[in-house]
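First comes the structure, then the notes that go with it.
Each ligand, and each atom within it, is numbered from 1 in the order the structure gives.
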Amino acid sequence: MPAFQALIDGYHRFRAGPWREQRLRYDALATAQAPRVMVIACSDSRVDPTRVFDAAPGEMFVLRNIANLVPPLDPTLAQSSVAAALEYAVLILKVDYVIVFGHARCGGIEASLSGAYRSPGAGEGDFIQRWMGLIAPVRDRVLEAVGSNPDIDPQPVLERASIRQSIANLRTYPFVREAEAAGRLRLAGAIFDIADGRLLLLDSESGAFSAVPAPS
Ligand SMILES: [Zn+2]
């Protein structure tokens with residue numbers, strides 16, 4: 001299997017390179033981690049947040065799922081990977097920031113807009129559409145606002161609106177609300193544009209995204 005052999009080859013490069021170069025860091029990380037930042041990113045293979053932010057091992061607590069969504073608190077849900085990771089980051093690691101990190105040309109957002117996406121083999125379950133149902137009301141509002149204007153592409157509009165919604169959903173978790181109110185935690189939103197490498201940050205006051213100036 002060439003794909004699996006590529007993993008083993010990568011492991012060999014890692015052990016010969018970064019592992020040796022950062023041996024002291026890995027030794028220190030062997031017993032504990034103390035990242036200051038949690039990033040909620042898309043599973044998309046092109047937008048690894050540790051690459052985009054050039055983070056070293058131990059610096060970033062990462063949760064990834066389709067379209068970097070945060071569901072609102074649901075006390076009836078027995079298991080939630082998002083809630084468990086969030087609780088660990090905020091209450092145990094006591095991170096300073098939770099960042100919802102979206103990206104341009106997100107397939108999950110595209111699926112939400114098309115509403116017709118079907119995974120081959122997913123059968124009756126249709127897990128992607130059910131998951132993207134989390135932002136169906138946001139999508140409907142975006143489509144209504146965009147209306148019949150052919151000059152507006154709803155995809156980037158929904159990518160931004162979805163991040164704003166996920167940040168609002170973060171605040172439905174009492175421990176997030178309390179940490180933010182106490183000044184121990186800040187919530188942020190960002191978008192990475194795969195095509196041109198731009199990073200956009202959400203202005204919490206205006207709700208707008210603006211580009212971080214690129215290094216000269
Ligand atoms: Zn995506």
Side-chain angles (χ1 to χ4, degrees), residues 3 6-7 35 37-55 59-72 74 80-86 89 95 97-122 125-143 145-146 152-170 172-173 187-204 207-212 214:
L7 297 181
V37 176
M38 177 185 189
V39 178
I40 299 169
C42 183
S43 298
D44 192 302
S45 61
R46 301 165 295 179
V47 289
D48 179 350
T50 62
R51 293 230 171 186
V52 174
F53 295 109
D54 194 24
E59 287 185 347
M60 195 173 273
F61 188 73
V62 177
L63 173 75
R64 299 180 77 170
N65 62 37
I66 297 290
N68 45 274
L69 300 185
V70 178
D74 179 357
S80 163
S81 67
V82 176
L86 195 56
V95 296
Y97 282 90
V98 174
I99 301 170
V100 180
F101 179 57
H103 68 101
R105 299 166 177 78
C106 180
I109 297 292
E110 198 179 328
S112 173
L113 285 167
S114 75
Y117 183 88
R118 293 290 182 274
S119 297
D126 201 2
F127 293 111
I128 295 174
Q129 281 300 336
R130 275 197 270 166
W131 175 247
M132 293 312 299
L134 281 167
I135 60 162
V138 180
R139 174 202 59 201
D140 293 344
R141 283 200 298 276
V142 163
L143 288 177
V146 168
I152 301 177
D153 178 0
Q155 169 102 10
V157 181
L158 183 55
E159 284 161 358
R160 286 156 176 73
S162 169
I163 289 173
R164 288 191 286 266
Q165 182 64 55
S166 282
I167 290 174
N169 290 347
L170 282 171
T172 63
Y173 296 80
L187 307 181
I191 290 179
F192 178 66
D193 192 324
I194 299 163
D196 61 15
R198 282 193 316 158
L199 179 69
L200 309 173
L201 292 184
L202 172 64
D203 182 320
S204 58
F209 284 81
S210 54
V212 174

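The main-chain N or O of Ser112 is found under 3.5 Å from a side-chain atom of Arg139 such that the two form a donor-acceptor pair.
A side-chain contact (heavy atoms from CB on, under 4.5 Å) with Phe101 holds for exactly one of Ile191, Val52, Val62; it is Val52. Shown are Val98, Ile99, Leu202; of these, the side-chain contact (heavy atoms from CB on, under 4.5 Å) with Ile167 is made only by Leu202.
Take the Zn ion (ligand 1) and draw a sphere of radius 2.8 Å; the protein N/O/S atoms inside it number 3.
The side chain to side chain donor-acceptor pair (under 3.5 Å) check on Asp193 picks up Arg105, with sequence neighbours excluded.
The shortest side-chain heavy-atom distance between Gln165 and Arg141 falls under the 4.5 Å cut-off.
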Phe192 and Arg51: CA distance, side-chain angles, deciding distance, side-chain contact (heavy atoms from CB on, under 4.5 Å) verdict: CA-CA 11 Å; Phe192 178 66; Arg51 293 230 171 186; over 6 Å; no
